[in-house]
J.: 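Handing you a structure now.
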Amino acid sequence: MARQAAAADFIRSIIDQDLASGMAERVIVRFPPEPNGFPHIGHAKSSTLNFGLAAEYKGRCHLRFDDTNPATEDQRYVDAIKRDLQWMGFDWGEHEYYASDYFETLFRWACKLILKGLAYVDDSPEEVIRGMRGTVTTPGKKSPYRNRAPEENLELFEAMRAGAFADGSRVLRAKIDMAHPNMKMRDPLMYRIRHATHYRQGDAWCIYPFYDWAHGQSDAIEGVTHSICTLEFSTNRVLYDWYLDALEIAPRPYQYEFARLNLAYTITSKRKLLHLVREGIVDGWDDPRMPTLAGLRRRGVRPQAIKTFCNSIGTTKVDSTSDSGLLEHCIRDDLNHRAPRILCVQDPLPITLTNWPEDRTEIISAPYWPHDVPRDGVRPVPFSRELLIERSDFSEKPPKGFRRLTPGGIVRLRHAYIIRCNHVEKDETGKAVRLHCEWIEGTRSGSKTTLKPKGTIHWVEAKQSLPVIVRAYNRLFNQSVPGEEFLEALNPSSLIEYKDARIEPSIADDPREQRYQFTRLGFYWRDPEHINSDLPVFICIVTLRQAIHDHPEPAQVASKVEKPDGVARPHDAQLEHQSKTATPAKNNSKSKQRSLTADEEQWLKESGLSAATGLAIYGVPAASEFLEAASEHVSRVSVGNWMANQLLPALKGAPLSSLPFGPSEFAELVQLADSGKASTHEARAVLKLMLASEGSPTKLLAGVQSSTVGDSEILSDIVGNVLSDHEDRVDAYLAGKTGLLGFFVGQVMRRTNGKADPRQTKALIEEELAGRAT
RNA sequence: UGCCCUGUAGCUCAAUUGGCAGAGCGCCUGGCUCUGGACCAGGAGGUUCCAGGUUCGAAUCCUGGCGGGGCAACCA
């Protein structure tokens, strides 16, 4: 199912092409986490993509730990990553790899580049190297060590490995181009000296490769075909290619980039998440508010919901921020048919049924599932004189549309009776402490009654219900995109604890990892971290959509909240408007045209071409000569248009001199189009043929036209067929939707494989439709 | 200010490669219902970033402009 949802995104299209062209025989991808933190929902997107690709194309996905930095990496994170990926249901078989296992190969390959004169040891201090790199707009400067002899470089590099030098005293750099417009190509660093203990390699190494040097080569070692990473690495791709080319590795992997996941009102930066953990702002990596997979798992989210979410947001190159509401929808959808409904009151308000006998307890057999979930099962629920209802289900002064209990009003108790509230008992502050209600006989669930309460509320029996703690969560941040000052955006009431909650007694016999829907509230389960506590602790996995019982945020923090009145219930986590589509200065946009140089202006004037056409031609080598030569017998404007819009784009940057034809043949083609001897469509087809082979335009046109539907009787047959096949649209057209004309023309073009003359077709259709109008 | 990526409904994405601009989520209305859920039916919501050009026809091709993101770690 989810597979089908994952339609052909740009990556799948590339893979399809590569498979079809034989560029790749099979699909080998990899998921390459660095073991320096816990995986989060963003890693879920990436791993769902990669492991999904492997499954769809019957290839494989390697798990490779990108562990080239001994300072931050740890076995603990390796374990966490493996555990979480397994939980997600991903299987990498025996293909578990570590970049650190490739250190020896990488070293050898680096020596190879040194001997080819493509890498050198630089003795410059860190700051000097940085200073000489230049800026994005200014070129860098060459290091004085840049031209060391390969033999000397090799000797030094081996000494680096042997531990002869101090940390930071030397680096190995690739020798590329210090003036390259892409800064990643300005003699990038390949190795640094770090006398540090690596969590896997111990003290075997004191030089460590950088990402760019390690990654592509690791891909190559593993035979990866498609190396899929996130957008921020797109500038690294040129370097990725350079290393592989320099090493002359074949067949080699190729890198493709997609947009990482951003989720509104949360963060997916390992650095920032680590900060929350270290500072104790959250209760560890698996705090249920964390976007980590460990946090989601503890929260009670099932991996299938995460996968559905990841597939439904798609894979593109557009940097976007997903609405957390979509994730929540996937979680609800996943749980709806698998979580039995039970009753739990989070914030109890006692009620007494004054007309119910004190010693009478009725055991109600209540179904676990609502009518629309085709599952069976019931549990006993005690009902007596003393009950508890949700405090927010009662209102003395009900707002408009309130469908719950009010003084004098009636309401249905879920699975039980209709009651009426007769009296409100209050404390000295005016707060309701107990409702005196009457039970209405004969209104038990399932029995016929003429009473029509406006709503149904949940409840529990006062004495037999079980005390529990319920923890509910609001979003961790108050800003949709927390940014660098994320600590200031923290939501002070992201955790709401209900200490006096009461739950129906049936749960005592249930498995502790059972997930429930608390009727009218949301989906819940027991916190796995407190699974054996005497007082059960329940976690809210996700609220119901438009749940009435939001988890309130204390009033005193309201002023700190972005939208003071906005109770942050997860489902209204709509993004506030982002000025993303803003295109200002709409009205006076005419003045926005680029100012032309004097030369350009002069040329444009002389050529008589429009600016758009002229600028496409101006500056292309030999183009204006070509234009002049071709314009001898045809209108210059026509030639210009054909050049700018058809010829030059088809050339894709190749020089005009590479054309198999000259200006006069081109002029002949333009002439055919101008004179009407060839339709635009035909002329384009001729151009295509001219680019691919020899032959005069007129001759080629004859070939094209021989298969043209020139016969007007045949054409009107086809027109008739199209119209009768789309009667509904004909009606719509006649009703005024004249834009449909293009659709009809298109249909005819399609049926004739583009061989009908569009003008003639259009005229025929209009004529035909005019006939039908009367 | 250089290079790379990128602009389609409130959000996330489609659009058979130039031929009716659609889906899911969200929102609204109605139906059903003993959950303000789910489900069913319907609806609103678009200058396809803007301006030109080519074309019978442009979200799609061409030119120019504007907006958003990334790149100057001995991080990945």
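Throughout, protein chains are lettered first and strands after them, A, B, ... in sequence-line order, and every chain is numbered starting at 1.
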J.: Can you list everything that forms a ring-ring contact (aromatic ring centres under 6.0 Å, His included) with A/His415? Sequence neighbours excluded, please.
T.: none
J.: Provide a list of protein-nucleic acid N or O atom pairs under 3.5 angstrom, restricted to nucleotides 72-75 of chain B.
T.:
{"from": "B/C74", "atom 1": "OP2", "to": "A/Arg133", "atom 2": "NH2", "distance (Å)": "2.8"}
{"from": "B/C74", "atom 1": "O2", "to": "A/Arg194", "atom 2": "NH2", "distance (Å)": "3.4"}
{"from": "B/C74", "atom 1": "N3", "to": "A/Gly168", "atom 2": "O", "distance (Å)": "3.3"}
{"from": "B/C74", "atom 1": "N4", "to": "A/Ser124", "atom 2": "O", "distance (Å)": "3.4"}
{"from": "B/C74", "atom 1": "N4", "to": "A/Glu126", "atom 2": "N", "distance (Å)": "3.1"}
{"from": "B/C74", "atom 1": "N4", "to": "A/Gly168", "atom 2": "O", "distance (Å)": "2.9"}
{"from": "B/C75", "atom 1": "OP2", "to": "A/Arg192", "atom 2": "NE", "distance (Å)": "3.3"}
{"from": "B/C75", "atom 1": "OP2", "to": "A/Arg192", "atom 2": "NH2", "distance (Å)": "3.0"}
{"from": "B/C75", "atom 1": "O3'", "to": "A/Arg192", "atom 2": "NH2", "distance (Å)": "3.3"}
{"from": "B/C75", "atom 1": "O2'", "to": "A/Asn69", "atom 2": "ND2", "distance (Å)": "3.0"}

J.: Given that both pair distances must be under 3.5 Å and the pair must be Watson-Crick or G-U, what runs of three or more consecutive pairs involve RNA chain B?
T.: B:2-7 with B:66-71, B:10-13 with B:22-25, B:27-31 with B:39-43, B:49-53 with B:61-65
J.: For A/Gln217, enumerate each residue passing the side-chain hydrogen bond (donor to acceptor under 3.5 Å, both in side chains) test, keeping only those at least two apart in sequence or located in another chain.
T.: none
J.: How would you list, by chain and number, every residue that makes a ring-ring contact (aromatic ring centres under 6.0 Å, His included) with A/Phe383, sequence neighbours excluded?
T.: A/Trp356, A/Tyr417, A/Trp459
J.: Please work out if A/Gly446 contacts a base, only the sugar-phosphate, or nothing of the nucleic acid, heavy-atom cut-off 4.0 Å.
T.: base
J.: For a quick check of understanding: with a heavy-atom distance under 4.0 Å over all strands, which category does A/Thr519 fall into, base, sugar-phosphate or nothing?
T.: base
J.: Got a list of protein N/O to nucleotides 53-55 of chain B N/O distances below 3.5 Å?
T.:
{"from": "B/G53", "atom 1": "O2'", "to": "A/Thr613", "atom 2": "OG1", "distance (Å)": "3.3"}
{"from": "B/G53", "atom 1": "N2", "to": "A/Asn645", "atom 2": "OD1", "distance (Å)": "2.9"}
{"from": "B/U54", "atom 1": "O4'", "to": "A/Asn645", "atom 2": "ND2", "distance (Å)": "3.1"}
{"from": "B/U55", "atom 1": "O3'", "to": "A/Thr680", "atom 2": "OG1", "distance (Å)": "3.2"}

J.: Please list, chain by chain and in numerical order, all residues satisfying side-chain hydrogen bond (donor to acceptor under 3.5 Å, both in side chains) with A/Asn645, sequence neighbours excluded.
T.: none
J.: Please list, chain by chain and in numerical order, all residues satisfying side chain to side chain contact (heavy atoms under 4.5 Å, CB included) with A/Cys206, sequence neighbours excluded.
T.: A/His195
J.: List in chain and number order the residues that pass side-chain hydrogen bond (donor to acceptor under 3.5 Å, both in side chains) with A/Asp333, two or more places apart in sequence or in another chain; answer none if no residue qualifies.
T.: none
J.: With sequence neighbours left out, what residues match A/Tyr256 under ring-ring contact (aromatic ring centres under 6.0 Å, His included)?
T.: A/His226
J.: Please state whether the phosphate of B/U35, meaning OP1 or OP2, lies under 4.0 angstrom from any side-chain nitrogen or oxygen of A/Arg545.
T.: no
J.: Does A/Arg759 have any side-chain hydrogen bond (donor to acceptor under 3.5 Å, both in side chains) partners at least two apart in sequence or in another chain, and if so, which?
T.: none
J.: Check ring-ring contact (aromatic ring centres under 6.0 Å, His included) between A/His726 and all other residues, then give those that pass, not counting sequence neighbours.
T.: A/Phe743
